[in-house]
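Below: the structure, in structure tokens.
By convention in this document, chain letters (A, B, ...) are assigned in the order of the sequence lines, proteins followed by strands, and residues within each chain are numbered from 1. Atoms considered below: every heavy atom in the structure, side chains included; atoms not considered: hydrogens, waters and symmetry mates.
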Number of protein chains: 2
Amino acid sequence: MTAAPGFGNTLVRLSVLIQRRYAQICADHDLTVAQAQLLCAVKDEPRGMSELAQLLGLAKPGLSGLVDRTVRRGLVERVACPNDRRACSVAGTPMGKEIGRAMYRDVAIRLPDIFDGLPESDRRVLEELVSAAIGSPVSGPCLEDGPPAD
Amino acid sequence: MTAAPGFGNTLVRLSVLIQRRYAQICADHDLTVAQAQLLCAVKDEPRGMSELAQLLGLAKPGLSGLVDRTVRRGLVERVACPNDRRACSVAGTPMGKEIGRAMYRDVAIRLPDIFDGLPESDRRVLEELVSAAIGSPVSGPCLEDGPPAD
DNA sequence: TATTGTTATACTCTATAACTATA
DNA sequence: TATAGTTATAGAGTATAACAATA
């Protein structure tokens, strides 16, 4: 009995719990999940399209559309890249950055409630283990670098 | 310093990791995530539409569409409810049940890899804490009961 | 009248293929 | 030629409103 047989499915249920709470926080800020993640990714500094596609796990056309819709809402803007006239970066507008930071704060405050049922000492152990297992964000955003893009 | 300030965002990144791996397993079984969850929910016994909507966190029209698409693929079918002629249940077809069970097994095997970086003893502690915090599945499916529906 | 589930409509998200402009 | 990003197209998912049949 090396691992609990249903642990994989417990993890799926955990991720669903997290995603539902996260989606609720996004909705409270009048954002879709994808828009919120984009906003969190550019809340401190602009990022190139390729980097964002990688970060958000989207193919390039998907990111283009997401940026379009988010631009339309006045939350981000495209800025030309001086070195390479094909490329562009995505920057948060003042409003977008503010909302992105508010999201980030709200997530930090409200999401851990999921583990309210655990005694404080267990929660601290859990935090340490999860943080150790998946590491810290490379440069600020809510997301993890990943393979899916393109 | 009660809780790590970024723990909420670490949880979001964890859930993204889990969801991406889960989506990959679904794709390996030629399923979308929503179809896989529907299949897991009916892999052992039929379930009513209301129960499924609650379980999957969908509003009724969303579930109707999901069931339509999954019926079209020959994985589930609608069965009339004898007591109430308005109502119906969703049952897996033999193929659908088989795929649902295979998914469930595959998730149990492949998902915990996420924590491969942790020493074995830490992994066991983590499993216990997560399982204690979110409990076991009520009746078998991969999902958790939740509020969003309708 | 209230409830179950579907249909209609609209928008977001995601994928693939084809395209434009630049390198 | 290769690369960055967009446009075109299609399908899945999700929400609200209106509807049908039954309770």
Take atom [atom1] of [X] and atom [atom2] of [N], then tell me their distance rounded to the nearest Å.
{"X": "B:L31", "N": "D:dA12", "atom1": "CG", "atom2": "C1'", "answer": "13 Å"}
{"X": "A:D68", "N": "C:dT14", "atom1": "CG", "atom2": "P", "answer": "14 Å"}
{"X": "A:L63", "N": "C:dT16", "atom1": "CG", "atom2": "P", "answer": "15 Å"}
{"X": "B:L56", "N": "D:dA15", "atom1": "CG", "atom2": "P", "answer": "12 Å"}
{"X": "B:K60", "N": "D:dA18", "atom1": "NZ", "atom2": "C1'", "answer": "12 Å"}
{"X": "A:Q54", "N": "C:dT14", "atom1": "CD", "atom2": "C1'", "answer": "16 Å"}
{"X": "B:Q24", "N": "C:dA15", "atom1": "CD", "atom2": "P", "answer": "11 Å"}
{"X": "B:L58", "N": "C:dG5", "atom1": "CG", "atom2": "C1'", "answer": "14 Å"}

Taking the side chain of [X] as its heavy atoms from C-beta onward, which of [options] lies nearest to it?
{"X": "B:A59", "options": "D:dA15, C:dA23, D:dT6", "answer": "D:dA15"}
{"X": "A:D84", "options": "C:dT16, C:dC13, C:dA23", "answer": "C:dA23"}
{"X": "A:M49", "options": "D:dT7, D:dG5, D:dA23", "answer": "D:dG5"}
{"X": "A:R85", "options": "C:dA15, D:dG13, C:dT22", "answer": "C:dT22"}

Think [X] has a side-chain N or O under 4.0 angstrom from the OP1 or OP2 of [N]?
{"X": "B:R78", "N": "C:dT6", "answer": "yes"}
{"X": "B:S64", "N": "C:dT7", "answer": "no"}
{"X": "B:R69", "N": "D:dG13", "answer": "yes"}

Inset, instruction - Measure the shortest side-chain to side-chain distance between B:L66 and B:L56 over non-hydrogen atoms and say whether it is less than 4.5 angstrom. - result: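 Yes - at least one pair of side-chain heavy atoms lies under 4.5 Å apart.
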
Inset, instruction - Map A:N83 and A:P61 onto DNA chain C by nearest heavy atom, then report which one ends up closer to the 5' terminus. - result: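 Looking at the nearest nucleotide for each, A:P61 comes out on the 5' side.
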
Inset, instruction - Output yes when A:D68 and A:R78 qualify as a salt bridge under the 4.0 Å nitrogen-oxygen rule, no when they do not. - result: yes

Legend entry - salt_bridge(B:E128, B:R124) N-O dist < 4.0 Å: no

Inset, instruction - Nearest 0.5 Å please: distance from the CG atom of B:L31 over to the OG1 atom of B:T70. - result: 8.5 Å

Regarding [X], tell me which of base, sugar-phosphate or nothing describes its non-hydrogen contacts under 4.0 Å with the strands shown.
{"X": "A:L66", "result": "sugar-phosphate"}
{"X": "B:T32", "result": "sugar-phosphate"}
{"X": "A:C81", "result": "nothing"}

Inset, instruction - Say whether A:Q35 and A:R73, considering side chains only, have a donor N or O and an acceptor N or O under 3.5 Å apart. - result: yes

Legend entry - Distance-only donor-acceptor check, side chains A:E77 and A:T93, under 3.5 Å: no

Inset, instruction - Assess whether one donor atom and one acceptor atom, taken from the side chain of A:R86 and the base of D:dT3, lie less than 3.5 Å apart. - result: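 Such a pair is found, so the answer is yes.
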
Legend entry - DNA chain D: 5'-proximal contact among A:G65 and B:A34 (nearest heavy atom): A:G65

